[in-house]
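For reference, the structure discussed in these notes is given below.
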Amino acid sequence: MTEKTRLTRREMIAAAGAVPLAAGAARALAQDAQGQPMLGNPALPQPPGERLGWAIVGLGTFGVGQVIPGFGDARGSKMTAFVSGNPAKARDLGARYGVEHLYDYRNYDSMAGNPAIDCVYIVLPVGLHAEYTIRALEAGKHVLCEKPMASTSAECEAMIAAAKANDRRLGVAYRVHFEPKNREALRRIRAGEIGAMRYIQCDHGFNASLEYPPHIWRLQKTLGGGGSMYDVGIYGINTSLMMLEDEPVEVSAHYAYPRDDPRFAEVEGGIDWRMRMASGINVQGSSSYCYDPYAARQRYFGSQASIVMDPATTYYDNNLVMEGGGAPRRELGAGSSRQQFAAQVDGFSQAARENRPHLTPGEMGLRDMRLIEAMYRSADNGGAIVKL
Ligand code: NDP
């Protein structure tokens with residue numbers, strides 16, 4: 001025993017006395033341990049065995065960074081399969097998340113025989129959406145496909161037809177419909193808190209880089225489908241229409257990007273657009289691969305107040321502000337933006353279970369693609385108005 005650990009005679013007596021006393025008290029308390037009834041009616045997540053099983057197709061930036069972590073908060077959905085062209089990455093992520101069923105793009109169709117997979121989430125480059133969605137539908141799976149739905153409206157129509165032919169649900173992953181701050185804005189707009197909607201302004205963009213692999217395919221026509229409008233401009237169109245009970249009747253658009261920029265040899269770098277609605281109001285937006293910093297904002301001008309969301313469509317930190325209406329500018333809380341990822345997959349699982357359309361169905365993706373195509377037609381004709 002070293003000098004430091006040696007106890008004094010007084011300390012030894014104190015310690016010896018304390019042990020029986022403490023043990024006695026613990027024994028007395030142990031006798032008080034007894035079960036209690038379950039109080040209240042806690043809203044529990046579904047047991048793992050009852051959740052719908054999902055295959056994630058494409059383990060890229062968004063799939064690994066947002067989709068997979070989002071399942072951590074899911075209550076009715078679970079990941080059961082990964083599809084990847086990189087087996088080592090799939091194995092690593094599979095081990096990390098307890099996902100046993102691993103596929104690649106060659107044995108993809110054999111998912112058909114796997115009862116552990118109910119839903120397939122397509123997180124591939126846009127040019128691959130239609131083919132992999134249709135094959136999953138034909139394999140008997142429900143499909144949630146990332147935005148934009150496909151490269152052309154003809155592809156969107158083929159995807160919808162495949163869902164019908166195979167009696168499966170088809171959704172487009174417009175996560176903003178599940179994001180708490182946007183849902184709160186929608187609730188307030190529907191409740192008349194800004195009065196009549198007069199005008200919507202939206203801007204979405206970032207700086208695309210030829211050096212960054214996830215941007216490279218976005219700058220290629222075959223894999224990207226189109227340019228900034230496909231990737232980020234679509235948020236402006238879809239989110240604005242989410243807030244309106246109104247139909248677009250005409251569109252016009254102008255390209256807006258540096259013509260000598262090597263990034264934009266195949267797709268447009270920017271487009272400024274306008275949608276005229278049946279009610280007579282205008283929605284105006286811009287979409288760009290040439291903005292710094294990242295822009296993701298929506299502004300709703302009403303007859304009595306305005307809602308400003310800046311940012312409006314990001315993953316984690318959207319901001320909801322009301323202005324006017326005789327009250328000071330006020331920031332409104334509405335829950336964490338992070339919840340949108342789990343809410344989206346659970347919403348889709350629920351729709352699949354109940355055999356009803358998802359909140360953001362394939363038809364919505366087709367509608368948006370037709371609008372984008374009309375905007376390109378306008379921009380190709382110097383901004384001419386295109387009637388819908
Ligand atoms: P990435 O380039 O980061 O990932 C795409 C993944 O697709 C790759 O990692 C690869 O997965 C797979 N893939 C298969 N074939 C190809 C190919 N020829 N070229 C490149 N990748 C290929 O893209 P993102 O994750 O950013 O985007 C994927 C999808 O998600 C797109 O549809 C995009 O629009 C959408 N997205 C949606 C967002 C949203 O907020 N809703 C945000 C960002 C993207 P593997 O290595 O596993 O085979």
Side-chain angles (χ1 to χ4, degrees), residues 55-70 79 81-94 97 99 102-108 120-133 135 143-151 155-156 159 171-179 182 204-206 208-239 267 287 289 294 296 311-318 337-338 340-345 348 360 364-365 368-369 372:
I56 314 301
V57 185
L59 306 177
T61 323
F62 187 66
V64 175
Q66 320 306 329
V67 172
I68 291 177
M79 295 184 294
F82 288 148
V83 180
S84 173
N86 180 332
K89 180 169 61 174
R91 270 197 307 276
D92 176 29
L93 288 165
Y97 292 102
V99 170
L102 304 181
Y103 294 86
D104 57 36
Y105 303 117
R106 285 180 300 280
N107 64 13
Y108 182 77
V120 170
Y121 192 159
I122 306 291
V123 204
L124 295 168
V126 181
L128 302 171
H129 285 184
E131 179 185 343
Y132 282 88
T133 293
R135 282 164 62 182
V143 177
L144 181 67
C145 178
E146 259 310 325
K147 47 54 56 183
M149 184 170 171
S151 295
E155 284 186 348
C156 297
M159 293 157 84
V172 179
Y174 288 128
R175 57 183 169 74
V176 172
H177 291 248
F178 297 88
E179 194 277 323
N182 281 278
H204 295 264
F206 64 94
S209 165
L210 276 169
E211 311 296 318
Y212 183 54
H215 290 181
I216 295 171
W217 66 256
R218 283 170 164 84
L219 296 168
Q220 297 166 351
K221 176 88 176 134
T222 46
L223 283 176
S228 74
M229 193 59 180
Y230 270 56
D231 196 43
V232 286
I234 194 166
Y235 284 106
I237 294 176
N238 186 268
T239 308
V267 299
S287 158
Y289 275 158
Y294 193 99
T313 58
T314 58
Y315 301 150
Y316 308 129
D317 57 356
N318 294 328
S337 298
R338 271 175 201 274
Q340 62 189 313
F341 300 103
Q344 174 169 252
V345 293
F348 188 83
T360 57
M364 183 182 280
D368 294 350
M369 191 50 61
I372 290 173

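The structure presented is a predicted model; accordingly, all values stated were derived computationally and were not measured. We count ligands from 1, going down the list as the structure has it; atoms in each ligand are counted the same way.
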What residue and heavy atom of the protein are closest to atom 31 (C) of ligand 1, and at what distance? L124 O, 3.3 Å
How far is atom 28 (C) of ligand 1 from its nearest protein heavy atom, and which residue and atom is that? V123 O, 3.2 Å
Are the side chain of D92 and the backbone of A88 linked by a donor-acceptor contact shorter than 3.5 Å? no
Please give me the minimum heavy-atom distance between G70 and A342, naming the atom from each residue. O-CB, 3.4 Å
Using distance alone, decide if ligand 1 has a nitrogen or oxygen within less than 3.5 Å of any nitrogen or oxygen in L59. yes
Looking at side-chain heavy atoms only, is the closest gap between D368 and M149 below 4.5 Å? no
Just which atoms of ligand 1 are under 4.0 Å from any heavy atom in Y105? 10 (C), 11 (O), 12 (C), 13 (N), 14 (C), 45 (P), 47 (O), 48 (O)
V126 versus ligand 1: do any nitrogen or oxygen atoms come within less than 3.5 Å of each other? no
Please confirm whether the backbone N or O of T314 pairs with a side-chain atom of Q340, one donor and one acceptor, at under 3.5 Å? yes
Contact partition for Q340 relative to ligand 1, non-hydrogen atoms under 4.0 Å: neither
Closest to atom 25 (O) of ligand 1 (heavy atoms only, candidates Y315, Y174, F62) is F62
Closest protein heavy atom to atom 18 (N) of ligand 1, given as residue, atom name and distance to 0.1 Å: L223 CD1, 3.8 Å
Closest heavy-atom pair and its distance - S84, L59: CB-CD1, 3.7 Å
Using only heavy-atom distances, determine whether the side chains of Y174 and Q344 contain a donor-acceptor pair under 3.5 Å. no
Who's the nearest protein heavy-atom neighbour of atom 41 (N) of ligand 1, and how far? E146 OE1, 3.0 Å
May I ask you to identify the nearest protein heavy atom to atom 3 (O) of ligand 1, giving residue, atom name and distance to one decimal place in Å? T61 OG1, 2.3 Å
Please evaluate residues E146 and Y121 with respect to the criterion side-chain contact (heavy atoms from CB on, under 4.5 Å), reporting the C-alpha separation (whole Å), side-chain torsions for both, the decisive distance (0.1 Å), and the verdict. CA-CA 8 Å; E146 259 310 325; Y121 192 159; 2.6 Å; yes
Which pair of heavy atoms, one from L124 and one from G58, lies closest together, and at what distance? CD2-CA, 3.9 Å
Which of the numbered atoms in ligand 1 are under 4.0 angstrom from any heavy atom belonging to K89? 9 (O), 45 (P), 46 (O), 47 (O)
Ligand 1 contact on L128 by region, counting heavy-atom pairs under 4.0 Å: side chain
Ring centre gap for F206 and Y289 strictly below 6.0 Å: yes
Near H129, which atoms of ligand 1 are under 4.0 Å from a heavy atom of that residue? 32 (O)
Here the atoms of ligand 1 under 4.0 Å from any heavy atom belonging to S84 are 45 (P), 46 (O), 47 (O), 48 (O)
In the protein, what heavy atom is nearest to atom 9 (O) of ligand 1, and what distance, to one decimal place, separates them? G60 CA, 3.1 Å
heavy-atom search around atom 26 (O) of ligand 1 in the protein gives R218 NH2, 3.0 Å
Is it the case that R175 places NZ or CZ above or below the six-membered ring of F178, under 6.0 angstrom from the centre and within 45 degrees of the axis? no
Which residue supplies the protein heavy atom nearest to atom 39 (C) of ligand 1, what is that atom called, and how far is it? Y235 OH, 3.0 Å
Using a 3.5 Å distance criterion without hydrogens, assess whether the side chain of N182 forms a donor-acceptor pair with backbone atoms of T313. no
Residue part near ligand 1, for K147, under 4.0 Å between non-hydrogen atoms: both
Between P214, P87, G225, P125, which one has a non-hydrogen atom sitting closest to atom 22 (C) of ligand 1? P125
Between Y212 and T61, is there a side-chain heavy-atom distance shorter than 4.5 Å? yes
